[in-house]
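In what follows, residues are counted from 1 in the order of the sequence shown. When a ligand or atom number is given, it counts from 1 through the structure's own listing order. Side chains are part of it too, since the values below use all heavy atoms of this structure and drop only hydrogens, waters and symmetry mates.
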Amino acid sequence: MKEMKLYNTLTRSLDEFTPMSPDRVTLYTCGPTVYDYLHVGNWATYVYWDTLVRVLKFNGYEVERVMNITDVGHLVSDADDGEDKLEKGARRDGKTAWEIAEHYTDAFVRGMHEFGLVAPEHMVRATDFIPQQLALVRTLKEKGYTYQTSDGIYFDTSKFPRYADFAQLDLAAQKAGARVEANSEKRQPWDFALWKFTEPGKRRDMEWETPEDLLDSHGRETPGAASGAAGVIMGFPGWHLECSTMAMELLGQTIDIHTGGIDHIPVHHTNEIAQSEAASGVQFARYWLHCNHLKIDGGKISKSLGNGYTMAHLKERGFTAMDLRMFILQSHYQSEGNFSFDILAAARNRLKNWRDVACLRHQIHDRLNDDTKRNDAPQYFSPQAAIGAMREALNNNLNTPEALSIIDESFSSISQRPLDAIYRTGLVELLQTIDDVLGLQLLDSTPDINDDAKQLLVERRRARDNKNWVRSDELRDQLKTLGIIMRDTAYDTIWTYA
Ligand code: AMP
Ligand code: ZN
């Protein structure tokens, strides 16, 4: 039976998860802005939502997910002023915004493979959905939710009375504290741009014609906004618009789950809800999940502090994406994570210990028929209880730290047994389940050793039986050069990877 509980930002409570259709879940994940390499905090977000997808599948749901690639319109301030992050990145790298987008999208996709992230059914670029975004602006305009200023078309939040509800915003306080608006034409400081006009006299790498019917006073008369061919106003979508558009186009007007980082709650997701629900008249997303931010040594991750570590930085220090994945899963997605290289090294050790257990499956002999160890006979380790406990932990709001301790306990019980007392099929099933739900690739990273190495193992056993310790040590060294470490336990001699 499926019985997941998820913390829903919408209700501020741990809710029973029941999707609209019994076996299928629609899910939208706010994706990266592709103007730079992702840092460890960004990766944490995608690992958590990947784990959500895996746990949904573990519960038997079919998942249809959209993840967007923000390649236009995300301004430096997250609001409606400042430069577009892509255009800024383009100047920094001496390229066009299109080249920047392609370069960092490719890097993201490569990273997704390294982290073993399940590919979303739809990975879509904002720039591939311009007509659809304009259509959404049109619907909002027709329904009376928009107004035009000299620099764009805005959403009038006063027309959407529930605007403050999702993020529990105190708009009065926000108004009192508002700095003198850069954009004094806005009716409310928190109104947001649906479509921005290219600045007068400027050209952007990424800009599109604003359809005439979206403009109040047909192009020509709009003050100072003509930037393309005579009378044509060029423009680009506001950041929030893409997510509403792509979610509703690809998954329907109401989706089951929408995910993002906590930074998205007060602006980005608040605005997504306003524009989507104003346009469709129905609820946009039923469960909103937000992951907390990762800090570094207790402080914010920021380029200017020089701590925006990317995978390249981690690799320079000998860490892999799987080490970071283990590190990320050690914290609950709602708790504020803290990154340090020491904690990352500890996570790497934990992963190494788990891989050592995974190696045991190649070493359990068939002297005792594996079938006799089935059925939870107490003298043989059977994984069913561990799998059940893991499911319970993950179904309880994706409690990954708890799932990890359950695995630690089982693995420690497994490693303390003679090989003969391990039910091999069960061990493989446990490893497969861990890989399925946590994506740690324990099976793939621990293939069986080759025949040459196996021959050396046989020779070493023979040397030991003959008490030929010199030869046995020689063989141990030889195996070490092949990356294989021999270890004597209370019962057996086992091998692991170096
Ligand atoms: P961006 O590319 O800036 O749109 O951010 C991509 C994702 O990373 C968003 O979901 C953010 O919420 C998330 N994010 C940004 N900084 C952090 C952080 N320090 N820890 C965790 N997630 C973060
Ligand atoms: Zn979004």
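For residues 109-124, the pairs satisfying salt bridge (Lys or Arg N to Asp or Glu O under 4.0 Å) are E114-K315, with sequence neighbours left out.
Under 4.0 Å is where a charged nitrogen must lie from a carboxylate oxygen, and between K186 and D191 no such pair does. We find that R204 and E207 are not joined by a salt bridge, their nearest charged nitrogen and carboxylate oxygen being 4.0 Å or further apart. Taking 4.0 Å as the cut-off between side-chain N and carboxylate O, R138 and D213 count as a salt-bridged pair. Between D151 and K196 a salt bridge is recorded (basic side-chain N to carboxylate O distance below 4.0 Å). Ionic pairing of R350 and D408 is present here: one or more N-O contacts between side-chain nitrogen and carboxylate oxygen are shorter than 4.0 angstrom.
At a cut-off of 2.8 Å, measuring from the Zn ion (ligand 2), the protein N, O or S atoms that fall short of it are C30 SG, C243 SG, H268 NE2, E272 OE2, waters left aside.
The side-chain tip of R391 points at the ring of F58 from less than 6.0 angstrom away and within 45° of straight on.
Near ligand 1, P32, T33, H39, G41, N42, T45, Y46, H74, G261, D263, H264, N292, H293, L294, I301 each place a heavy atom less than 4.0 angstrom from the ligand.
Remark: R325 engages D50 in a salt bridge (charged side-chain N to carboxylate O under 4.0 Å, His left out) (not counting sequence neighbours).
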side-chain hydrogen bond (donor to acceptor under 3.5 Å, both in side chains) evaluation trace for H332 with E402: CA-CA 9 Å; H332 187 255; E402 171 79 16; over 6 Å; no
